[in-house]
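Contents: one structure, followed by commentary.
Within every chain, numbering begins at 1; the chains are lettered A, B, ... in the order of the sequence lines, protein sequences first and strands thereafter.
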Amino acid sequence: MKLDRRGFIGAGVATAATLSAPMVMGASHGKPKVVIIGGGAGGATAARYIAKDSAGAIDVTLIEPTRTYYTCFFSNLYIGGFRDFASIGHSYGTLAAEYGINVVHDWAIDVDRDAKTVTLAGGSSVPYDSLVISPGIDFIDGAVPGWDISAQNAMPHAYKAGSQTQLLKAQIESMPSGGTYAMVAPPNPYRCPPGPYERVSMVAHLLTQINPTAKILIVDPKQKFSKQGLFEEGWDKHYGGMIDRIGPDFGGANVSVDPGAMEVSIDGEIEKVDVCNVIPAQKAGRIAEIAGVTEGNWAPVHAHDMRSKLDDSVYVLGDASAQGDMPKSGFSANSQAKVCAMAIRGALTGSSVFPAKFSNTCWSLIETNDGIKVGAAYEATDAKIAKTSGFVSQTGEDEALRKQTYEESVGWYAGISADMFG
Amino acid sequence: MVGDGAFNRTGPHLNDLFGRAAGSIEGFTYSDDMDRAANGGLVWDVENLEDFIENPKSLISRTKMRFKGIKDPVDRENLMAYLRLFSDNPANIPEAEPTMHARDPDVDPNILAIQGDPEYGAYLSGECVTCHQIGGGDDGIPSIIAWMPEDFVTALQAYKSGHRTHPVMHLVAQRLSNKEIAALAAYFAAVE
């Protein structure tokens, strides 16, 4: 079906060429229109920057189904008890009231790239001159045999923040004494590379207080993971003996689950567990695929402006994009959104376009006041967004530095939240 | 500013602070509340200075500073110990090792003289405000708004050269050109 769609669109472009002048006129009556699908770190930031910097010259519509957005970043800290749930929730009120963004709480269910319209679940159709798709991730069907989205209450993923995060925390809190929390970790590439391991740290922190004989089992298809030496050092120091990780050499890549029986099968060996946090393999949020801008699991984009390689009027931000070296993170999406916002304004209103600059830092919390970070700077090349230099926290750092790193992450959370939601 | 040749900038210079009558530096225009405190006879000593640094509002309800105070007693001690180096009459001031940067290296006057383009700075600032709150909040990460452009350039050049060692800031500053640093300084100086 996807191939059919592409074929159709290819033919459409040829037809459109002869009609291009009247079509452009039709789309551009009045102010240019930018429609943004997805109100997370990519979409909310892009909406805010386009609206703010164009000062009313561009009509901005943000389509996001939820009224309160819970950030994935810091949702692990909620599980650990370091943040309350309300503190990671954000509304779109300021974007609507102070920036004049038309915030539509609905699902985008289709994109007609020929007509340049987005169809909403509620039935209406929204026209655009430029479309930004920033839908985050979806899970690959069948990635973990035995698990599908209908099993997410028995075995939560908690990898999109919200009720899933609350459910996972509640399940951990009601584990029997000495019970087992298992995590099925995802293969690369996936959202937030250190995320699963920060989560394990936060679960260990919680269990140490309420259920100190409980066990944590990580089943991991990857040989190595982000900040591994730092996490393992911290786990030894703070949670000695609580955490076991089974990597691919011991069957970590050959996993299936039985949500009804609460069993995990690792290379044929059955483990009975009390909580099972399944984080499946990932792909671009479904609307990117429906729009026909994906190749394989992700949506390829040009590095200079995040423009889709398959459609000049479409931009893809954040986790859903295939851009090169940047990790899939909220920080990255926010960084990409600002470059994209500038490019879109330039294209639609002729405002200045400066060279793209990207950066990312990911903080993780291992235990109270024991924060670590990894970061890098990136530049746009013709081939991809390419890493230019980076840094990572070191093992054996003193406590004062780790505390400072944690406090920095709290400041960053306040900064990026304000940068997204105003 | 503090040290040899310090002069009044956003705030009055801080040489010979201990034992100084509040609001007494000539040529500096203090806030009304600071003037009131000065008229009331406030003289800076170890105790009231520490109270003031901990929470300026506890002593003077409104000053011209955008500064909420330093909660950590060790940080306060370090700051006082540092200021002590520049007072002839330090009385009873704790002798903790100062951990602040004594001073950033001087920046080439030609670099300081570059006129920043605030529009370019506004775009570049996107990278800064992911962490530094544009509203001026400073929990965990310092505020960078409304700095004197010269101070802003000096600090960023110190990160760029590696004299200041913070890894994120080094990474960010390393790839900023002198022109870009000037643009950021011009932009942030004007943020309300």
### Residue pair B:Phe52, B:Trp44: steps toward the ring pair (Phe, Tyr, Trp, His ring centres under 6.0 Å) verdict
CA-CA 9 Å; B:Phe52 185 67; B:Trp44 293 118; 5.0 Å; yes
### Query
Mind checking whether A:Tyr413 and A:Phe74 have parallel, tilted or perpendicular rings, split at 30° and 60°?
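Judged by the thresholds at 30° and 60°, the geometry between A:Tyr413 and A:Phe74 is parallel.
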### Message
In terms of relative ring orientation, are A:His90 and A:Phe421 parallel, tilted or perpendicular, with 30° and 60° separating the classes?
### Response
parallel
### Query
With a 4.5 Å heavy-atom cut-off, do A:Phe231 and A:Ile366 have their side chains touching?
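In short, these two side chains touch, coming nearer than 4.5 Å.
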### Query
Do the side chains of B:Asp16 and B:Arg20 get nearer than 4.5 Å, heavy atoms only?
no
Side chain, backbone, both or neither: which part of [X] has a heavy atom under 4.5 Å from chain B?
X	answer
A:Thr361	side chain
A:Phe358	backbone
A:Ala414	both

### Task
Using a heavy-atom cutoff of under 4.5 Å, enumerate the residues of residues 110-121 of chain B that contact chain A, numbered in order, or state 'none'.
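B:Glu119, B:Tyr120 fall under the 4.5 Å cut-off.
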### Query
Does A:Arg83 make a cation-pi contact with A:Tyr78, if we ask for NZ or CZ under 6.0 Å from the ring centre and within 45° of the axis?
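Checked: cation-pi criterion not met.
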### Query
Cationic tip of A:Lys403 within the cone over A:Tyr406's six-membered ring, i.e. under 6.0 Å and within 45° of the normal?
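No - A:Lys403 does not lie over the ring of A:Tyr406 by the 6.0 Å and 45° rule.
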### Query
So with a 6.0 Å cut-off around NZ of B:Lys179, is the heavy-atom count from everything else above 12?
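Check fails, neighbour count at 12 or below.
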### Task
Step through the shown structure and confirm whether more than 12 heavy atoms of other residues, nucleotides or ligands are within 6.0 Å of CZ on B:Arg62.
no
### Task
For chain A, find which of B:Ile141, B:Thr130, B:Asp139 contributes the most heavy-atom pairs closer than 4.5 angstrom.
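Of the options given, most contacts go to B:Thr130.
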### Query
Under a 4.5 Å heavy-atom cutoff, which of B:Asp138, B:Ile134, B:Val168 has the most pairs with chain A?
B:Val168
Among [options], which has the most heavy-atom pairs under 4.5 Å with chain B?
options	result
A:Val339, A:Thr45, A:Asp419, A:Thr388	A:Asp419
A:Lys357, A:Glu407, A:Met342	A:Lys357
A:Lys373, A:Met420, A:Gln404	A:Lys373

Distance-only check: which donor-acceptor pairs under 3.5 Å involve side-chain atoms of residues 378-386 of chain A, not counting sequence neighbours?
residue: A:Thr381; atom: OG1; partner: A:Ala383; partner atom: N; Å: 3.3
residue: A:Thr381; atom: OG1; partner: A:Lys384; partner atom: N; Å: 3.0
residue: A:Thr381; atom: OG1; partner: A:Lys384; partner atom: O; Å: 2.7
residue: A:Asp382; atom: OD1; partner: A:His304; partner atom: NE2; Å: 3.3
residue: A:Lys384; atom: NZ; partner: A:Asp325; partner atom: OD1; Å: 2.8
residue: A:Lys384; atom: NZ; partner: A:Asp325; partner atom: OD2; Å: 3.3

